[in-house]
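What follows is a set of notes on a single structure, which appears directly below.
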Amino acid sequence: MEKKLPTRQENFSEWYNQLVLRAELADYAPVRGCMVVRPYGWALWENIQKALDDRFKATGHVNAAFPLLIPQSFMTKEKEHVEGFSPELAVVTHGGGEKLEEPLVVRPTSETIIGTMYAKWIQSYRDLPVLINQWANVVRWEMRTKLFLRTLEFYWQEGHTAHATEQEALEETERMLQVYADFARTEGAVPVIPGRKSESEKFAGAVNTYSIEAMMGDTKALQSGTSHFLGQNFAKAFDIKFLDEGNQLQYCWTTSWGVSTRFIGAIIMTHGDDQGLVLPPRLAPIQVVIVPIYRKNEEKSAVMEAVSAVQAQLKDLRVKVDEREGLTPGFKFNDWELKGVPLRIEIGPKDVQNGTVALSRRDIPGRDGKSFLPMAGLDSAVPALLQTIQDNLLAKATAFRDSHIFEVTDYESFKQVVAEQGWAYAWWSDDRENEARIKEETKATLRIYASDPNLGEGVCFYSGRKTNQKAYFARSY
RNA sequence: CGGGGUGUAGCGCAGUCGGCUAGCGCGCUGCGUUUGGGACGCAGAGGUCGGCGGUUCGAGUCCGCCCACCCCGACCA
């Protein structure tokens, strides 16, 4: 094993793969395309879950659990949904040693089974809205996989809601998009742009799909969360109906929305550097690591006493004391930097003598990120510093993103931008064929439309037609 | 599924013209010395050389078939 990671400059993809393995976030499973999420990675996911779940509860949602196996026939009821998902379904054909009457698919998403249950549960406008979320794993048989970003099986949450009116369902779709955007920025320090997807990029069966788009360290885009307005498509396919106040039978309006373990990939590729992970304090499994430094046993007892005192002061934070014997402090520094711990506190004989500790910020490498503080008062100084780090990560990522988005007005500069510089932002007159041609020629896809309603009017960079719409284009994961 | 590549210790690799006991680095175990930016010494453990078949006195090495994985392209949270 090499001591150092490949640099992001050298080989971004290899940097990512090795980082995930070495930081012990995940490992390859025996089955191609599957991964094992290791305890450190899962702890990060748990913090993501908590932050999201609190937001779901705060917006009136409740959790439930629906089955992993879905009758195959359910998948065929919504036309676009079948077409979108059939190529990537895992199908169970045998159970208990017998061939099944009807094959079962392993859920790639749960619209069909949840829709079936909603049809049963919803009778009246008084039953609406239904606002249910589930935390689950799903399976999609992808051709090319990459740890966290695209695996055959992944973990996510999927919210499924049913409403009496189109307006309410649209509001829900938008509300959850904003919940995701707020989550990504506030918790992950990932500056995302929310917006609507194009016709060709939307979810199979949706009327409209919205997503939060993030820029990774190599300037590629990553769709980091999605919210779908499903109209009455699934309600009609699954017969989700209710009697309104006027005793009229009506179809419901439904939505669905999800964030997956892919978000871990977003964190890695947004903040990570050539030393390793850089985790945002609010989500980091370990927010502060304390490295004791001592030579002789006499020093050790004094140092460990100081360590305990500091640890007690920081009891409200996620703190780890690295008590491993036989490793040098230098090794431990590198190790925790690889793992992305936001703040390191070093306590040695000199500190004990001076009543101080040395602090080292993960977001600012080297000497510039070091400071020395008195032990007294760490209980307020450290949380404040963590918040500073959190803010700095968002600011840095935002500055990086903004300096890699270029407004273009012609196809030549568009091609150059998406090939070498980042995202292109341009006037765009909607045209499915043009969009496909651009993808074919440049590998860049339409990520989202600009959501600013006061754009005015301009000329499409590709077709030359007049338009009142702008869009972001980029190569993406 | 097309194009390229790799399978030798947990990981990364070397192994010449086929040759006798299969090696190196990291990691791992034990003991000792170390410890403020990836410590060092000594002693150890660890291998059906991806699988099957063939050629040969002799195969990690040559031949054939198969398998797996990785990278690049067509689908996707």
Side-chain angles (χ1 to χ4, degrees), chain A residues 1-6 11 13-14 17-18 21-22 27-33 83-89 108-109 136-158 180 197 200-204 206 209 211-214 221-228 256-266 275-276 291-297 299-300 303 322 324-338 344-354 356-358 360 365-367 369-370 372 436 439-440 443 445 476-477:
Chain A
M1 180 90 91
E2 294 291 319
K3 227 169 214 176
K4 286 193 177 301
L5 282 171
N11 187 343
S13 175
E14 196 49 31
N17 289 338
Q18 287 200 25
L21 297 175
R22 289 201 205 189
D27 202 350
Y28 292 104
V31 177
R32 178 198 73 87
E83 287 169 10
F85 281 105
S86 346
E88 49 188 70
L89 291 179
T109 177
N137 56 340
V138 291
V139 168
R140 299 179 184 179
W141 217 262
E142 302 291 347
M143 309 190 194
R144 258 183 85 188
T145 59
K146 198 171 175 76
L147 294 168
F148 288 117
L149 300 181
R150 190 177 306 105
T151 45
L152 298 198
E153 180 187 18
F154 61 89
Y155 302 86
W156 73 347
Q157 55 69 215
E158 44 180 327
Y180 285 160
K197 303 238 66 143
S200 49
E201 297 281 330
K202 74 178 191 192
F203 175 75
T209 286
S211 80
I212 50 172
E213 295 287 326
L222 183 72
Q223 179 174 311
S224 307
T226 51
S227 185
H228 313 291
S256 67
W257 28 273
V259 161
S260 74
T261 36
R262 173 182 272 189
F263 195 78
I264 292 175
Q275 294 301 311
V291 179
I293 297 161
Y294 49 81
R295 266 180 281 261
K296 308 285 178 215
N297 271 336
E299 284 178 353
K300 180 175 176 181
V303 164
D322 189 346
R324 289 177 292 177
E325 299 282 351
L327 295 173
T328 62
F331 179 91
K332 292 179 178 179
F333 297 168
N334 283 287
D335 194 37
W336 293 112
E337 280 166 12
L338 175 70
R344 178 177 74 239
I345 298 181
E346 304 164 24
I347 304 179
K350 285 181 222 161
D351 300 295
V352 172
Q353 203 167 18
N354 302 334
T356 59
V357 298
S360 193
R367 195 170 287 269
K370 281 219 178 189
F372 299 87
K439 182 177 178 181
E440 176 74 29
K443 292 185 184 124
T445 51
S476 71
Y477 281 99

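Within every chain, numbering begins at 1; the chains are lettered A, B, ... in the order of the sequence lines, protein sequences first and strands thereafter.
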For A/Ser224 and A/Val259 the tightest heavy-atom approach is O-CG2, 3.9 Å
Indicate, with a heavy-atom threshold strictly under 4.0 Å, whether A/Gln223 touches base, sugar-phosphate, or nothing. sugar-phosphate
Please name the nucleotide paired to B/G41 by Watson-Crick or G-U wobble geometry with both distances under 3.5 Å, or report none. B/C31
In whole angstroms, the gap separating P of B/A77 from CD of A/Glu142 amounts to 8 Å
Kindly say if A/Arg32 contacts the phosphate of B/C70, meaning a side-chain N or O under 4.0 Å from OP1 or OP2. no
Stacking between A/Phe154 and the base of B/A77 (centre distance under 5.5 Å, interplanar angle under 30°)? yes
A/Ser227 near the nucleic acid: base, sugar-phosphate alone, or nothing, with a heavy-atom cut-off under 4.0 Å? nothing
When you measure only distances, ignoring hydrogens and angles, does the side chain of A/Arg344 come within 3.5 Å of the base of B/G37 through a donor and an acceptor? yes
Which part of the nucleic acid does A/Leu222 contact within heavy-atom distance under 4.0 Å: base, sugar-phosphate only, or nothing? nothing
So does A/Lys296 get a side-chain nitrogen or oxygen closer than 4.0 Å to the phosphate oxygens (OP1/OP2) of B/U34? yes
Do you know which two heavy atoms are closest between A/Ala358 and A/Phe372, and how far apart they sit? CB-CE2, 3.5 Å
Quick check on B/A77: is either OP1 or OP2 less than 4.0 Å from any side-chain nitrogen or oxygen of A/Arg140? no
Distance col, row A/Gln223:CD vs A/Leu149:CG, nearest 0.5 angstrom, shows 12.5 Å
Taking atom C1' of B/C1 as reference, at what distance in whole Å does atom CD of A/Glu88 sit? 16 Å
Pairing partner (Watson-Crick or G-U wobble, both distances under 3.5 angstrom) of B/G46: none
For a quick check of understanding: with a heavy-atom distance under 4.0 Å over all strands, which category does A/Gly258 fall into, base, sugar-phosphate or nothing? nothing
Could you tell me which non-hydrogen atom of A/Gly84 sits nearest to which non-hydrogen atom of A/Ala204, and how far apart they are? CA-CB, 3.7 Å
Distance-only donor-acceptor test (3.5 Å): side chain A/Asp335, base B/G38: no
N or O in side chain of A/Asn17 less than 4.0 angstrom from B/C71 OP1/OP2: yes
Pick the P atom in B/U21 and in B/G58, then give their distance to the nearest Å. 15 Å
Would you indicate what A/Thr328 reaches in the nucleic acid, counting non-hydrogen atoms under 4.0 angstrom: base, sugar-phosphate, or nothing? base
How many Å lie between CD on A/Glu213 and C1' on B/C76, as a whole number? 13 Å
Taking a pair to mean Watson-Crick or G-U wobble geometry with both distances below 3.5 Å, B/C1 pairs with B/G73
Relative to A/Phe333, does A/Arg344 satisfy both conditions: NZ or CZ under 6.0 angstrom from the six-membered ring centre, and within 45 degrees of the ring's axis? yes
Please determine if a side-chain N or O atom of A/Ser260 lies less than 4.0 Å away from the OP1 or OP2 oxygen of B/A77. no
Could you check how far NZ of A/Lys350 sits from C1' of B/G36, rounded to whole Å? 5 Å
Quick one: look up who B/C11 pairs with, Watson-Crick or G-U, both distances under 3.5 Å, and put none if it's unpaired. B/G25
Can you tell me the base-pairing partner of B/C62? Count Watson-Crick or G-U wobble geometry only, both distances below 3.5 Å, and say none if there is no partner. B/G54
Measuring only the P atom in each nucleotide, how far is B/U6 from B/G12? A whole number of Å is fine. 15 Å
Measure CD1/A/Ile293 against C1'/B/U34 and give the value in whole Å, please. 14 Å
If I take atom CG in residue A/Leu147 and atom P in nucleotide B/C71, what distance separates them, rounded to the nearest angstrom? 9 Å
Please state how far atom CZ in A/Arg22 lies from atom C1' in B/C11, giving the value in whole angstrom units. 10 Å
At 4.0 Å (heavy atoms only), tell me whether A/Thr145 reaches a base, stays on the sugar-phosphate, or touches nothing. nothing
Same-atom distance (C1') from B/G19 to B/G5, integer angstrom: 30 Å
For B/G18, give the paired nucleotide (Watson-Crick: N1-N3 plus N6-O4 or O6-N4; G-U: N1-O2 and O6-N3; both under 3.5 Å), or none. none
Provide, to the nearest angstrom, the distance between the CZ atom belonging to A/Phe333 and the C1' atom belonging to B/A39. 14 Å
Are A/Phe85 and A/Phe203 close enough that their ring centres sit under 6.0 Å apart? yes
Correct closest heavy-atom pair for A/Met143 and A/Arg32 would be O-NH1, 3.3 Å
